[in-house]
Amino acid sequence: MSYETAAIEAKWQAAWDEASLFRATRSAAPKYYVLEMFPYPSGRIHIGHVRNYAMGDVIARYRMACGFSVLHPMGWDAFGMPAENAAMASGGHPKDWTYQNIDVMRGQMKPLGLSIDWSREFATCDPEYYGQQQALFLDMLEAGLVYRKSATVNWDPVDMTVLANEQVEDGRGWRSGAEVERRELTQWFFRISGMAEELLDGLGTLDKWPEKVRLMQENWIGKSRGLSFDFGLKGAPAGFDALPIYTTRPDTMLGPTFAAIAADHPLAKALETDPEIAAFNARCRTMPTTEAAMEKAEKLGHLTSVTVTHPADPSVELPLFIANFVLMEYGTGAVIGCPAHDQRDLDFARRYGLDVIDVFKPLGSDEGVADVAYVPPKTTKVRYVCWHGEPGLEITCQEAIDRTLALYEAGGWGKARTQYRLRDWGLSRQRYWGCPIPVVHCADCGAVPEKKANLPVVLPDDVTFDVPGNPLDRHPTWRDVPCPACGKPARRETDTMDTFVDSSWYYARFTAPRAATPTVAEDAAYWMNVDQYIGGVEHAILHLLYSRFFARAMQVTGHLPEGTEEPFAALFTQGMVTHAIYQTRDGRGRPVYHLPEEVDLATGTVRVTGEQIEIIPSAKMSKSKRNVVDPQDIIAAYGADTARWFVLSDSPPERDVEWTAAGAEATHKHLRRVHRLAEDIARADRAPNGADADLARATARAVVDVTGGIEGFAFNKSVARLYEFTNVLHKSDAGAEARRAAMRVLAQLMAPMTPHLAEEIWEMTGGAGFVTTAPWPEADPALLVDDTVTLPIQINGKRRSEITVPKDMDTPAIEALVLRDAAVLRALDGGAPRKLIVVPGRIVNVVA
RNA sequence: GCGGGUGUGGUGGAACGGUAGACACAUCAGACUUAAAAUCUGAAGGGCAUCGCCCGUGCGGGUUCGAUUCCCGCCACCCGCACCA
């Protein structure tokens with residue numbers, strides 16, 4: 001019998017299915033909830049998906065073998081822009097496109113043999129799902145967690161539509177090429193900032209999250225303590241008496257030389273009677289809205305005729321600028337400029353000829369700031385040149401900050417305040433393919449929540465995408481509904497929800513996916529929280545923070561029980577699968593991307609055209625860059641087990657992995673070798689002999705190491721140990737029964753990674769039932785200890801020799817042996833060692 | 001720009017502060033073959049040149065008996081930056 005992957009894999013998948021092995025049920029057993037971030041149905045699965053789900057499956061199958069009642073579901077993050085883009089490009093409907101993609105991708109995933117409970121599958125674009133989301137929204141609205149306010153969007157003046165940041169290229173709309181404007185719209189917001197402190201505190205309990213993710217979230221929430229104060233205003237338009245400011249560096253309050261406000265600041269708008277200011281503000285509003293773009297853009301300002309006066313000393317009068325680097329969304333939309341101690345302020349001051357006042361200097365130096373702002377860590381002790389009448393005060397910046405806060409509070413010039421960088425979550429999207437916001441706008445009653453009885457508010461199917469913009473806005477009838485409050489004709493909200501909303505509670509929905517309420521108390525109580533969540537680092541902030549917010553919001557609204565405020569008990573962030581990008585340039589110098597199979601790497605050319613390619617190494621796989629690898633070919637050629645083993649081996653799971661086609665073949669060879677070995681061992685008839693004990697020890701070792709690798713998310717190490725163990729078993733001349741027993745253990749250890757082959761081997765070698773449900777093997781501790789140990793001998797820190805000694809030999813005895821070692825004698829050349837270090841059980845170092 | 005990572009042979013990578021390169025890919029040699037494939041066995045960081053030594057974990061410093069690991073300063077690349085999912 002050869003290793004017929006297709007037949008073997010189909011056989012066992014059918015058998016698992018028949019036995020409903022992966023149907024998650026509440027039971028007396030302890031539960032374990034494994035979840036991989038659900039996929040966006042982009043068209044076909046790519047190798048990154050395989051890596052993600054193979055990892056989750058290892059955990060799920062391992063936990064199942066350990067006796068847990070496992071929940072391992074799968075669904076689809078199905079709303080979003082690509083479906084609308086496809087509709088615009090090809091004339092189809094986003095719904096058809098999405099569901100067809102789901103069918104294709106489900107069809108590609110099932111052959112992988114994942115231990116998924118497919119009975120719980122849903123897509124976020126199912127009305128049964130988003131209807132419950134609308135119910136959640138209404139409850140959150142009632143609980144005061146949702147509100148409306150004005151916010152800026154990217155507006156394409158030619159296409160007359162709102163653009164996502166992604167759709168803005170160099171400040172221009174990606175379709176129209178028109179210069180993008182910022183425009184204000186009234187939009188819905190989740191009050192996530194109100195939970196900033198809780199979300200920050202909660203991070204402290206997440207000891208099974210990567211440190212880096214907690215750090216990133218902490219920095220994102222950005223708690224700071226600073227000074228809140230008002231600048232006085234001179235020459236400002238009527239109604240503007242003061243300019244509120246918040247600064248995290250009150251210790252620099254003696255060095256500001258200017259103040260600046262955002263172009264969208266009310267004061268800046270009021271000054272637009274000056275045509276130059278109007279023009280400057282208009283120019284600012286054509287700048288991209290992303291923080292990265294603003295920070296990188298050239299710092300521009302426009303001097304106003306208004307001046308501000310210092311709160312502690314009104315005789316100090318500073319010029320007021322409107323500046324493109326000040327964001328209205330942050331703080332008060334106005335900043336204090338202290339050039340000596342902020343690089344951005346310094347660049348600005350140099351550009352506009354403003355003074356630079358040193359507030360503090362490094363200890364022992366009288367050097368003033370030139371081109372580089374002096375910004376030491378807050379814990380650094382510095383010399384304050386003149387701190388409120390105390391010259392030469394040598395304290396840390398933090399001490400100076402604290403003293404300044406106290407001084408300003410005492411003087412009534414300002415207030416100490418805690419502030420967060422975290423902004424409220426704008427959820428309105430002016431797009432069709434999303435969850436409709438269940439609100440009706442009534443001329444008399446205002447924004448009225450839809451009645452729960454009328455949910456779901458279903459997206460209309462009869463829409464077209466021949467023109468840009470939101471089809472809901474131009475639908476002839478969908479908008480027209482009676483006001484839920486007064487019954488008069490009113491209009492539906494046509495904005496839909498950010499797709500992040502969909503993915504912020506799906507984990508909870510999986511616990512009762514068909515329920516007529518968002519969740520069911522008993523199911524949520526049994527299954528929550530997710531014990532192991534797995535996904536890409538690119539979600540380290542937004543998705544994970546939003547989910548943590550939603551879990552809390554669902555508690556507030558009674559949809560989740562106590563103890564679920566941290567929905568993901570453990571998080572693992574896998575690395576991305578990257579691949580080189582192959583590109584050429586078109587006539588206008590714009591990049592044209594080529595699929596890996598279209599290029600000839602030997603010559604570095606495109607096969608068909610012979611054009612020379614540029615290779616951009618190691619980039620995130622993306623459809624638009626055409627550097628996506630389809631795992632289908634590997635699965636078709638070698639089977640699912642090979643694909644799974646391949647993506648789990650070699651690279652550590654948290655690390656990005658550069659995909660190369662070579663290697664799948666070799667992986668398959670190994671599995672074939674294991675299969676053949678199992679056949680030999682199953683047939684063999686050989687009496688027990690002395691090697692049985694050695695094999696038993698190697699088996700115990702393998703159990704410990706492979707288990708450790710799985711528990712520690714180091715599947716690559718588990719795989720390496722499995723290779724080693726296979727080699728040992730291959731060479732072992734132990735008796736037939738001993739080898740069969742070891743082979744069964746090998747099957748068990750391989751089962752989470754290559755479940756089909758493992759079942760086949762288990763069956764061949766006389767295992768009972770499914771290897772999938774067989775209890776995870778345990779190692780006999782007695783087999784793990786060796787009675788001798790080999791100690792490397794270092795001379796001056798470099799390995800020169802080694803000795804093998806009994807495990808419990810004492811240090812003086814070891815020292816004596818070491819001093820007789822040939823290499824040591826040679827190095828010492830008759831002299832005595834200056835030092836002899838023996839680390840018991842590990843190493844010896846001779847300092848000559 | 002800001003926040004967070006990563007960097008080790010030809011390649012993927014391994015290594016509680018303790019033998020750098022486990023395990024594998026690719027390579028080379030041998031066995032089996034008429035031959036090839038498949039399979040099996042073995043070699044291998046670079047160098048000087050043999051049974052010993054030198055150099056080697058992005059770069060430059062430091063701590064230590066000993067540093068891939070800890071500290072300081074750089075460089076390169078990757079992720080995120082709030083309307084991509």
Side-chain angles (χ1 to χ4, degrees), chain A residues 37 39-40 42 77 79-82 151 153-154 162-168 187 192 210-213 215-220 222 289-297 299 325 329 343-344 421-431 498-500 502-503 536-543 545-546 573 575-576 578 617-620 622 624 649-652 654-658 660 662-663 665-667 669-670 672-673 676 714 716-717 719-724 727 730 790-802 823 826 833-837 839 842-847:
Chain A
M37 291 179 184
Y40 178 79
S42 54
D77 188 14
F79 276 135
M81 286 200 309
V153 293
N154 301 310
V162 175
L163 297 177
N165 285 336
E166 191 190 51
Q167 298 171 312
V168 180
Q187 307 197 61
I192 187 172
E211 176 67 28
K212 62 175 176 183
V213 175
L215 241 184
M216 281 190 262
Q217 292 221 349
E218 187 182 324
N219 291 338
W220 186 264
T289 53
T290 68
E291 194 187 328
M294 295 188 97
E295 293 281 348
K296 269 189 269 191
K299 309 294 179 280
F325 61 85
E329 280 79 13
Q343 190 60 45
R344 197 172 55 183
R421 203 184 76 99
L422 180 65
R423 307 202 296 256
D424 278 334
W425 170 11
L427 67 113
S428 300
R429 296 292 180 272
Q430 297 69 39
R431 271 184 269 282
D498 179 6
T499 56
F500 270 121
D502 313 336
S503 55
V537 248
E538 65 270 25
H539 296 292
I541 295 175
L542 291 180
H543 163 62
L545 192 64
Y546 290 160
T573 53
M576 290 180 309
T578 62
S618 217
K620 179 176 177 173
S622 100
S624 60
S649 59
D650 287 355
S651 266
E654 69 278 9
R655 199 120 110 202
D656 288 353
V657 54
E658 164 90 25
T660 54
E665 167 88 33
T667 297
K669 278 183 193 173
H670 172 72
R672 209 157 54 202
R673 187 164 161 252
R676 198 165 47 238
N716 55 322
K717 288 188 231 170
V719 167
R721 293 289 86 80
L722 286 167
Y723 270 111
E724 265 180 346
N727 291 338
H730 185 80
T790 299
L791 298 177
I793 299 175
Q794 291 184 333
I795 296 166
N796 295 330
K798 292 185 191 284
R799 182 187 171 284
R800 286 292 179 260
S801 183
E802 63 180 34
R826 197 164 45 238
R834 285 201 289 151
K835 204 167 176 183
L836 190 54
I837 295 151
V839 183
R842 294 222 71 98
I843 204 164
V844 180
N845 193 13
V846 181
V847 185

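Chain identifiers are assigned alphabetically (A, B, ...) following the order of the sequence lines, protein sequences preceding nucleic acid strands; residue numbering begins at 1 within each chain. Because only heavy atoms are used, hydrogens play no part in the values below, and waters and symmetry mates are left out as well, while side chains stay in.
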Original post:
Does the side chain of A/Arg673 come under 3.5 Å of the side chain of A/Asn727 through a donor N or O and an acceptor N or O?
Top reply: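 Looking only at side-chain atoms, A/Asn727 and A/Arg673 do form a donor-acceptor pair, the distance falling under 3.5 Å.
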
Could you tell me the separation between the [atom1] atom of [X] and the [atom2] atom of [N], rounded to a whole number of Å?
| X | N | atom1 | atom2 | value |
| --- | --- | --- | --- | --- |
| A/Glu724 | B/G13 | CD | C1' | 14 Å |
| A/Phe79 | B/C83 | CZ | C1' | 16 Å |
| A/Asn219 | B/A82 | CG | P | 16 Å |
| A/Ile541 | B/A85 | CD1 | C1' | 15 Å |

Between [X] and [N], is there a contact of a side-chain N or O with OP1 or OP2 at under 4.0 Å?
| X | N | result |
| --- | --- | --- |
| A/Thr290 | B/C81 | no |
| A/Arg655 | B/G7 | yes |
| A/Asn716 | B/C23 | no |
| A/Thr499 | B/A85 | yes |
| A/Asn727 | B/A24 | yes |

For [N], does the base pair up with any side-chain atom of [X] as donor and acceptor (N or O, under 3.5 Å, distance only)?
| X | N | result |
| --- | --- | --- |
| A/Glu291 | B/C2 | no |
| A/Asp650 | B/G12 | yes |
| A/Gln343 | B/C2 | no |

Subject >> With sequence neighbours excluded, residues passing ring pair (Phe, Tyr, Trp, His ring centres under 6.0 Å) with A/Tyr546 >> reply: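 So A/Tyr546 forms a ring pair (Phe, Tyr, Trp, His ring centres under 6.0 Å) with A/Trp425, A/Phe500.
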
**OP:** Please list, chain by chain and in numerical order, all residues satisfying ring pair (Phe, Tyr, Trp, His ring centres under 6.0 Å) with A/His670, sequence neighbours excluded.
**Re:**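 Expected list: A/Trp645, A/Tyr723.
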
Who are the salt bridge (charged side-chain N to carboxylate O under 4.0 Å, His left out) partners of [X], not counting sequence neighbours?
| X | answer |
| --- | --- |
| A/Glu166 | none |
| A/Arg429 | A/Asp498 |
| A/Glu218 | none |

Given [options], which nucleotide is nearest the side-chain atoms of [X]?
| X | options | answer |
| --- | --- | --- |
| A/Arg721 | B/G4, B/A22, B/A85 | B/A22 |
| A/Ala720 | B/A22, B/G5, B/A85 | B/A22 |
| A/Lys717 | B/C16, B/A15, B/G13 | B/A15 |
| A/Ile843 | B/C84, B/G4, B/U19 | B/U19 |
| A/Phe500 | B/A26, B/A85, B/C84 | B/A85 |

Identify the nucleotide, in any strand shown, that forms a Watson-Crick or G-U wobble pair with [N], with both distances under 3.5 Å; if there is none, say none.
| N | result |
| --- | --- |
| B/A15 | none |
| B/U6 | B/A76 |
| B/G42 | B/C28 |
| B/C81 | B/G1 |

Say you pick atom [atom1] in [N] and the same atom in [M]; how far apart are they, in whole Å?
| N | M | atom1 | result |
| --- | --- | --- | --- |
| B/A15 | B/G3 | C1' | 31 Å |
| B/A14 | B/G7 | P | 9 Å |
| B/A44 | B/C23 | P | 12 Å |
| B/U27 | B/C77 | C1' | 29 Å |
| B/C25 | B/A76 | P | 36 Å |
| B/U57 | B/G45 | C1' | 11 Å |
| B/A67 | B/A29 | P | 39 Å |

Subject >> Nearest-nucleotide 5' precedence on RNA chain B, A/Gln187 against A/Val719 >> reply: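 Of the two residues, A/Val719 wins.
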
Check whether [X] reaches the backbone of [Y] with its side chain - one donor and one acceptor, N or O, closer than 3.5 Å.
| X | Y | value |
| --- | --- | --- |
| A/Lys296 | A/Met294 | no |
| A/Asn154 | A/Leu163 | yes |
| A/Asp656 | A/Gly575 | no |
| A/Gln217 | A/Ala540 | yes |

What's [X] touching, base or sugar-phosphate or nothing? Going by heavy atoms closer than 4.0 Å.
| X | answer |
| --- | --- |
| A/Ala666 | sugar-phosphate |
| A/Thr667 | nothing |
| A/Leu422 | base |
| A/Pro39 | nothing |
| A/His543 | nothing |
| A/Trp220 | base |
| A/Lys212 | sugar-phosphate |
| A/Gln167 | nothing |

**OP:** Using a 90° cut-off around 0 for syn, call B/G9 syn or anti.
**Re:**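 Because its glycosidic torsion lies within 90° of 0, B/G9 adopts the syn conformation.
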
Could I get the full list of side chain to side chain contact (heavy atoms under 4.5 Å, CB included) partners for [X], not counting sequence neighbours?
| X | answer |
| --- | --- |
| A/Ile843 | A/Pro792, A/Gln794, A/Val839 |
| A/Val162 | A/Val153, A/Trp155, A/Leu185, A/Gln430 |
| A/Asp424 | A/Tyr147, A/Phe189, A/Arg191, A/Ile192, A/Ser193 |

**OP:** Let me have a per-nucleotide readout for nucleotides 38-48 of chain B, 5' to 3', with B, S or -, counting only protein heavy atoms under 4.0 Å.
**Re:** SSSS-------

Subject >> Under 4.0 Å protein heavy-atom contact, by nucleotide of nucleotides 64-76 of chain B - B base, S sugar-phosphate only >> reply: -BS----------

Original post:
Excluding sequence neighbours, so at least two apart, what forms side-chain hydrogen bond (donor to acceptor under 3.5 Å, both in side chains) with A/Arg799?
Top reply: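 Checked A/Arg799 against side-chain hydrogen bond (donor to acceptor under 3.5 Å, both in side chains); matches are A/Glu802.
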
Contacts under 3.5 Å, N or O only, protein and nucleotides 53-58 of chain B:
from	atom 1	to	atom 2	distance (Å)
B/C54	OP2	A/Arg800	NH2	2.7

**OP:** Any chance you could lay out the side-chain contact (heavy atoms from CB on, under 4.5 Å) test for A/Thr290 and A/Val168, step after step, and finish with the verdict?
**Re:** CA-CA 10 Å; A/Thr290 68; A/Val168 180; over 6 Å; no

